[in-house]
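Each chain gets a letter, A, B and so on, in the order the sequences are listed, and its residues count up from 1.
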2 protein chains.
Amino acid sequence: MPENTTKRQTANLSEIAEAAGVSKMTVSRVLRDKDGFSEATRQKVMLEVERLGYLPNRIAAAFGQTQASTLIGVCVPRLSNHFFGLALESIDRTIQSLGFLPVIGSHNQVLQDEEAWLKSILSWRPAGVMLSTKHHSNTTLQLLRDAGIPIVEFWELSTSPLDMSVGFNQFDSGFQMGRHASIKGYSRAGILGASHVVEARRPEHIEGFIKGFTDGGGTIVHHDVLNDAESFYAGFYGTETMLNRSESIDMIYYQDDTMALGGLSWCQGKSIRIPDDVGLAGWGGHEATSILRMELTTTSIPTHLIGKLSAEALVRKLRSERTEDVTAVPTRLIDGDTL
Amino acid sequence: MPENTTKRQTANLSEIAEAAGVSKMTVSRVLRDKDGFSEATRQKVMLEVERLGYLPNRIAAAFGQTQASTLIGVCVPRLSNHFFGLALESIDRTIQSLGFLPVIGSHNQVLQDEEAWLKSILSWRPAGVMLSTKHHSNTTLQLLRDAGIPIVEFWELSTSPLDMSVGFNQFDSGFQMGRHASIKGYSRAGILGASHVVEARRPEHIEGFIKGFTDGGGTIVHHDVLNDAESFYAGFYGTETMLNRSESIDMIYYQDDTMALGGLSWCQGKSIRIPDDVGLAGWGGHEATSILRMELTTTSIPTHLIGKLSAEALVRKLRSERTEDVTAVPTRLIDGDTL
DNA sequence: TGGACAAACGTTACCGGTAACGATAACGTT
DNA sequence: AACGTTATCGTTACCGGTAACGTTTGTCCA
């Protein structure tokens with residue numbers, strides 16, 4: 001079906017114009033709903049647009065004027081990460097409903113990949129860019145500066161953003177859980193994390209937990225970082241390893257909920273009483289924790305809200321409407337049954 | 001930083017040309033590595049390109065000729081689905097490495113949304129399109145036909161594709177499991193599925209399982225479809241409900257591995273012996289099933305391979321190289337410990 | 001009745017690349 | 001030395017929209 005040789009062209013403005021007996025400028029005006037045409041000509045034009053199946057040519061439109069296109073670049077660390085997947089769905093819907101087209105990419109936590117992606121998207125002169133990590137290469141920063149377009153950093157909150165920032169305070173979310181655990185009477189915690197990238201920096205909610213827990217008088221007894229994905233299995237076996245090594249800990253703080261669920265599963269299999277023998281706390285807010293008989297104590301992250309607000313902030317800026325540079329969305333500590 | 005009024009322009013070909021003392025056509029040739037220039041001028045040009053920080057303008061390039069852009073549209077049902085996330089990562093990497101830019105979208109199993117997305121992307125005159133579902137609206141089909149560009153359908157295999165298809169035979173994957181279970185001696189199966197879309201059609205691997213199992217003499221005793229996401233919890237509680245209702249079933253086939261893990265977890269909590277009391281089988285191939293003490297019996301889907309092969313097939317077609325219209329990738333039945 | 005004014009169009013120029021073709025110089029060949 | 005060939009480079013035209021501006025027509029009021 002696709003003929004690489006002679007490309008079948010869909011009708012363009014000139015053909016519509018000719019068919020409707022007007023100039024192509026009038027057709028352009030009708031399609032963009034700018035004023036300067038009568039109702040009669042509008043109907044004539046729209047008839048031909050329907051009949052000929054006109055598809056707008058955004059390339060020509062974006063090329064015409066020196067200003068930017070209707071593309072918006074969106075870059076996340078990983079597409080297979082559930083949290084970013086949820087945020088992306090929200091961003092995708094919001095951006096499209098506002099008349100732009102998201103161009104989604106990922107960098108897998110490699111700065112050079114982010115840089116390469118940015119160059120690709122900038123060569124398409126996007127209207128704006130959305131990034132989800134705080135740390136960028138110098139070249140990336142320079143490219144962003146030179147582009148002169150609105151930028152939203154949208155996952156972890158940045159109090160001194162490049163341009164705009166929408167997100168939550170990751171450190172605080174961990175800090176609150178640390179303090180919460182401390183108040184509940186726990187004093188000897190194990191921390192179970194996982195990362196497939198060896199040199200990855202420690203997530204800030206874990207830093208926050210350590211601060212909150214130790215401030216309350218608690219002690220971090222173990223801190224294991226498995227060289228693995230943050231999976232159910234990692235939580236399952238990490239818990240076994242940690243609890244077998246030392247009976248002296250009275251709670252475990254997990255890097256995320258999936259791992260916590262693995263830990264919970266292991267404990268239930270061993271008839272360990274939760275939260276009496278051991279307390280468990282996760283992070284992230286799994287979509288359906290509340291239907292579990294034993295509700296997981298965790299921190300809920302409003303992925304949907306972050307996506308919506310960040311996309312809206314960007315578009316408002318594009319329309320030269322007033323916007324906040326920094327929008328903090330609250331995380332919510334869910335005081336469940338496991339701690 | 002972003003000035004909406006006077007847009008800061010990065011250098012264009014003319015400025016590079018003037019700085020290097022050549023024509024802009026020569027600069028164009030150097031940058032695209034077409035021949036027609038000497039090594040000396042190449043160095044002169046590249047020096048200025050570096051110095052002025054030239055960013056190619058793909059909009060102008062795509063506009064210049066009547067042919068398509070370097071954009072490739074990719075549409076999946078959901079961005080938060082782990083399987084598609086994995087496939088997308090593979091597609092993203094492959095497409096970018098071949099010099100194109102993927103434009104990822106989702107339709108959430110709503111035909112009109114797919115249609116709207118397609119119109120958006122087609123208005124950018126993409127070089128090709130990749131779709132991951134078999135069923136499309138009539139308008140979608142018409143749009144694809146008229147576009148005259150290569151199309152890859154890339155998840156479930158289609159033996160009569162619109163253009164090209166890369167994927168696995170979903171029915172067969174279930175059929176094999178059904179036959180496998182039958183041969184192992186199971187005869188009374190329960191099926192546990194889930195879908196948040198009420199009117200969704202039944203997944204084909206479940207159809208296949210039914211055929212394979214009943215062909216071998218087995219009976220499908222229960223078939224529950226929870227109105228929920230395919231989650232760990234859905235598997236956990238669905239299993240409880242199903243086993244409490246009737247003791248007569250000797251195995252459960254789950255819609256996916258996450259649900260199967262939930263079921264496994266529930267059974268372990270109740271000290272039900274797997275696979276003696278009840279056999280369990282999943283679908284999808286979770287990334288780390290092999291490290292679990294009890295390896296889940298399931299069907300592994302090569303998400304990474306599908307992504308890579310489908311992106312490569314599309315690009316080969318774009319380059320007018322020979323390609324297969326239908327590429328079947330095999331699923332693998334993992335004969336684990338739970339069945 | 002003429003002139004101011006606005007609505008409803010058409011004309012022109014331009015965006016930044018690239019294909020096609022033309023021009024020049026260098027080089028080899030007989 | 002005359003000629004053909006090739007490498008290297010410049011010139012021109014064009015892609016499909018849109019901003020800016022010009023033109024026509026109609027309307028309304030002094």
Distance check needed: [N] [atom2] versus [X] [atom1], whole Å only.
| X | N | atom1 | atom2 | value |
| --- | --- | --- | --- | --- |
| I59(A) | dT18(C) | CD1 | P | 13 Å |
| R125(A) | dC15(C) | CZ | C1' | 12 Å |
| L13(A) | dC15(D) | CG | P | 13 Å |
| R42(B) | dA7(D) | CZ | C1' | 17 Å |
| Q43(A) | dC9(C) | CD | P | 13 Å |
| L55(B) | dG16(C) | CG | P | 14 Å |
| E15(A) | dG16(D) | CD | C1' | 11 Å |
| F37(B) | dT8(D) | CZ | P | 9 Å |

Report yes or no: do R42(A) and S38(A) form a side-chain donor-acceptor pair below 3.5 Å? no

Looking only at side chains, do E153(A) and S165(A) share a donor and an acceptor under 3.5 Å apart?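 Short answer, no.
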
Could you please name the option among dC9(C), dC15(D), dG17(D) that lies closest to any side-chain atom of A61(A)?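 The nucleotide sitting nearest to the side chain is dG17(D).
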
Choosing from dG16(D), dC9(C), dG16(C), which nucleotide comes nearest the side chain of N57(A)?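 Among the listed nucleotides, the one closest to the side chain of N57(A) is dG16(D).
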
Indicate yes or no: does K308(B) engage E312(B) in a salt bridge with an N to O separation below 4.0 Å. yes

For E156(B), enumerate each residue passing the salt bridge (charged side-chain N to carboxylate O under 4.0 Å, His left out) test, keeping only those at least two apart in sequence or located in another chain.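 With sequence neighbours excluded, E156(B) shows a salt bridge (charged side-chain N to carboxylate O under 4.0 Å, His left out) to no residue whatsoever.
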
The criterion is salt bridge (charged side-chain N to carboxylate O under 4.0 Å, His left out); which residues satisfy it with R93(B), sequence neighbours excluded?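 R93(B): no salt bridge (charged side-chain N to carboxylate O under 4.0 Å, His left out) contacts found.
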
With no hydrogens and no angle check, is any side-chain donor or acceptor of S90(B) less than 3.5 Å from a backbone partner on H304(B)?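 Confirmed, S90(B) side chain pairs with H304(B) backbone.
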
Residues forming a side-chain hydrogen bond (donor to acceptor under 3.5 Å, both in side chains) with E18(A), sequence neighbours excluded: none

Under-4.0 Å side-chain N/O to phosphate OP1/OP2 contact, S14(B) with dG16(C):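 No, S14(B) has no side-chain N/O under 4.0 Å of OP1/OP2 on dG16(C).
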
Taking 4.0 Å as the cut-off, does a side-chain nitrogen or oxygen of Y54(B) come that near to OP1 or OP2 on dG17(C)?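 So the side-chain polar atoms of Y54(B) do come within 4.0 Å of the phosphate oxygens OP1 or OP2 of dG17(C), strictly under.
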
Return the set of residues passing ring-ring contact (aromatic ring centres under 6.0 Å, His included) with W155(B) (not counting sequence neighbours), or none when no residue passes. F84(B), F168(B)

Using five pairs at each end of the helix from dT1(C)-dA30(D) to dT30(C)-dA1(D) to define an axis, what is the angle between those two axes, to 10°? 50°

Going by heavy atoms in the side chains, are L111(A) and T140(A) under 4.5 Å from each other?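 No, too far: nothing below the 4.5 Å cut-off.
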
For DNA chain D, which residues in residues 20-36 of chain B have a heavy atom at a distance below 4.0 Å?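 By residue number: V22(B), S23(B), M25(B), T26(B), R29(B), G36(B).
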
